Amino acid sequence: MFDTARWTVLAPLLQAATAGRDLLDDTIRRLTPEAVTAEVLRETGEHAVRLDLNFDGRTTAHLCPDAEVVITLDLADAVRGLYGTGARPWPSLAVTTPDPDLDERGIAGWFQDRKGVARSVQELLSALKPGDRDLGELAVEHGSDKWGDLHWYTQHYERHFARLRDEPVRVLEIGIGGYDDPDRGGGSLRMWQRYFRRGLVHGLDIARKNVSGPRIMTVLGDQSDAAFLDRLGRELGPFDVVIDDGSHLNEHVRTSFHALFPHVRAGGLYVVEDLQTAYWPSWGGHPEATAGTSMGMLKSFVDGLNRAEVRDPRGEGSYLERNISGISFHHNIAFVEKGLNAEEGGPAFLRTLF
């Protein structure tokens with residue numbers, strides 16, 4: 001149902017990037033150097049240099065074959081730079097220096113032009129080892145409204161996602177943005193792709209979207225269709241992060257949560273954005289955020305967290321009572337943590353002491 005062909009290369013490559021050199025080399029051989037090189041080039045983009053990649057005694061040239069700057073790098077080192085956690089890969093560098101064809105600017109002009117060589121080299125090296133940039137900065141760069149537009153969410157995302165940043169996570173965001181225009185939206189998907197540099201990012205929208213990226217997949221579907229969401233979770237999950245930034249209709253938020261939360265890994269997070277609609281009747285909300293609203297649903301989970309105070313935590317309980325281990329609320333956004341909720345309650349005699 002879902003086209004996961006590219007994930008068959010990326011998923012094992014992301015896993016092997018932090019492993020020992022022998023395992024990484026074996027993974028590249030199994031996936032084929034050509035397929036791995038294609039992913040490296042998608043990630044780094046276009047640059048005005050020639051990039052020579054070595055693997056198993058064979059060298060292939062990429063980017064600008066006739067460029068005067070040649071950067072030579074082992075393919076496994078390039079993979080480690082992009083997806084690993086070590087130091088920046090250190091390539092060998094060759095620069096051809098043809099006799100200058102001096103114009104009216106003379107030798108000073110020729111030296112000024114040569115500064116572009118250093119710029120080209122540095123741009124490629126930076127692409128091969130992305131830095132840990134602030135999520136707010138990435139939101140602004142990629143046009144996401146999660147910071148400085150309608151919302152101020154990235155500060156909360158930074159707090160909750162920091163432990164996952166360098167992990168090979170799977171992310172699903174409901175709602176790509178841009179309404180019905182297929183060529184608009186995708187800012188948050190591109191932001192997550194750069195924040196989780198070892199992550200596979202999935203975007204779900206009810207409208208068809210032309211959003212592309214090295215580790216981005218878009219899915220056409222309806223978040224109010226529970227059966228569809230269950231199939232999506234079984235085929236593309238389990239997910240480390242699910243973010244509901246979709247219709248914000250209360251009924252849809254509830255349906256999506258119940259269908260997708262079982263497909264979140266233990267230790268993962270389910271995030272619900274724009275909870276203001278829980279108080280807006282025109283969106284299916286209520287001024288007091290009663291039980292039928294998205295906020296009412298989330299508030300009920302707090303009681304589930306503390307069920308051990310009224311009954312035996314080792315008892316059956318509901319799936320959500322047993323598998324929600326924490327909830328954090330911020331203005332208009334909530335983070336639900338997946339984990340075993342089995343702590344014991346207070347001693348029975350204390351409940352009736354007074």
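For this chain, numbers begin at 1 and follow the sequence in order. All of these numbers come straight from a predicted model, not from anything done at the bench.
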Item to check | Donor-acceptor contact present, side-chain Arg80 to main-chain Ala19, <3.5 Å | outcome: yes
Item to check | Stepwise side-chain hydrogen bond (donor to acceptor under 3.5 Å, both in side chains) test for Thr255 and Glu251 | outcome: CA-CA 6 Å; Thr255 297; Glu251 181 182 357; 5.2 Å; no
Item to check | Glu288/Lys299 salt bridge by N-O under 4.0 Å criterion | outcome: no
Checklist entry - What are the two closest heavy atoms between Ala11 and Leu200, and how far apart are they? => result CB-CD1, 4.1 Å
Next on the checklist: Could you check whether Arg215 pairs with Glu43 (Lys NZ or Arg NE/NH1/NH2 to Asp/Glu carboxylate O, under 4.0 Å)?
Outcome noted: yes
Checklist entry - Do the ring planes of Trp147 and Trp152 sit parallel (below 30°), tilted (30 to 60°) or perpendicular (above 60°)? => result perpendicular
Item to check | Within 6.0 Å of CG in Asp134, more than 12 heavy atoms from elsewhere | outcome: yes
Next on the checklist: For Phe2 and His202, I'd like to know if the aromatic rings sit close, meaning centre-to-centre distance below 6.0 Å.
Outcome noted: no
Next on the checklist: Here's a test for you: under ring-ring contact (aromatic ring centres under 6.0 Å, His included), which of His331, His151, His330 qualifies with His156?
Outcome noted: His330
Next on the checklist: Quick one, Asp230 and His263 - any side-chain contact, counting heavy atoms below 4.5 Å?
Outcome noted: yes
Checklist entry - Does the distance from a Lys or Arg side-chain N to an Asp or Glu carboxylate O, for Asp26 and Arg30, drop under 4.0 Å? => result no
Item to check | Distance, nearest 0.5 Å, that separates SG of Cys64 from CG of Leu51 | outcome: 10.5 Å
Next on the checklist: Let me confirm one number: the CG-CH2 distance from Leu138 to Trp192, rounded to the nearest 0.5 Å.
Outcome noted: 9.5 Å
Next on the checklist: Exactly one of Asp244, Asp274, Asn250, Thr277 should register a side-chain hydrogen bond (donor to acceptor under 3.5 Å, both in side chains) with Ser294. Which one does?
Outcome noted: Asn250
Checklist entry - When you measure from the centre of the six-membered ring of Tyr270, is the NZ or CZ of Lys338 under 6.0 Å away and within 45° of the axis? => result no
Checklist entry - Between Ser126 (side chain) and Glu123 (backbone), is there a donor-acceptor pair under 3.5 Å? => result no
Checklist entry - If you round to the nearest 0.5 Å, how far is OG1 of Thr218 from CG of Leu204? => result 9.5 Å
Item to check | Short side-chain to backbone donor-acceptor contact, Thr8 and Ala5, under 3.5 Å | outcome: yes
Item to check | Within 6.0 angstrom of Glu46 CD, more than 12 heavy atoms from elsewhere | outcome: no
Checklist entry - Between Phe335 and Tyr157, does the ring centroid distance fall short of 6.0 Å? => result yes
Item to check | Whether Arg170 side chain and Leu236 backbone form a donor-acceptor pair below 3.5 Å | outcome: yes
Checklist entry - Can you tell me how far OH of Tyr279 sits from OG1 of Thr290, rounded to the nearest 0.5 angstrom? => result 10.5 Å
Checklist entry - For the atom pair OG (Ser92) and CD1 (Ile71), what is the distance rounded to the nearest 0.5 Å? => result 9.0 Å
Next on the checklist: What I want to find out is whether Glu167 reaches Arg265 closely enough, with some N-O distance under 4.0 Å, to be called a salt bridge.
Outcome noted: no
Next on the checklist: For Arg163, is the CZ atom crowded, meaning more than 12 foreign heavy atoms sit under 6.0 Å from it?
Outcome noted: yes
Next on the checklist: Taking the basic N atoms (NZ, or NE/NH1/NH2) and the acidic carboxylate oxygens, is any pair closer than 4.0 Å for Glu141 and Arg194?
Outcome noted: no
Item to check | Interatomic distance, Glu235 atom CD to Thr4 atom OG1 [nearest 0.5 angstrom] | outcome: 8.0 Å
Next on the checklist: Let's go through Phe161 and Arg165 carefully: what are the C-alpha distance in whole Å and the side-chain angles of both, what is the deciding distance for side chain to side chain contact (heavy atoms under 4.5 Å, CB included) to 0.1 Å, and is it a yes or a no?
Outcome noted: CA-CA 6 Å; Phe161 285 0; Arg165 182 164 193 173; over 6 Å; no
Checklist entry - Closest heavy-atom contact between Gly213 and Arg6? => result O-NH1, 3.7 Å
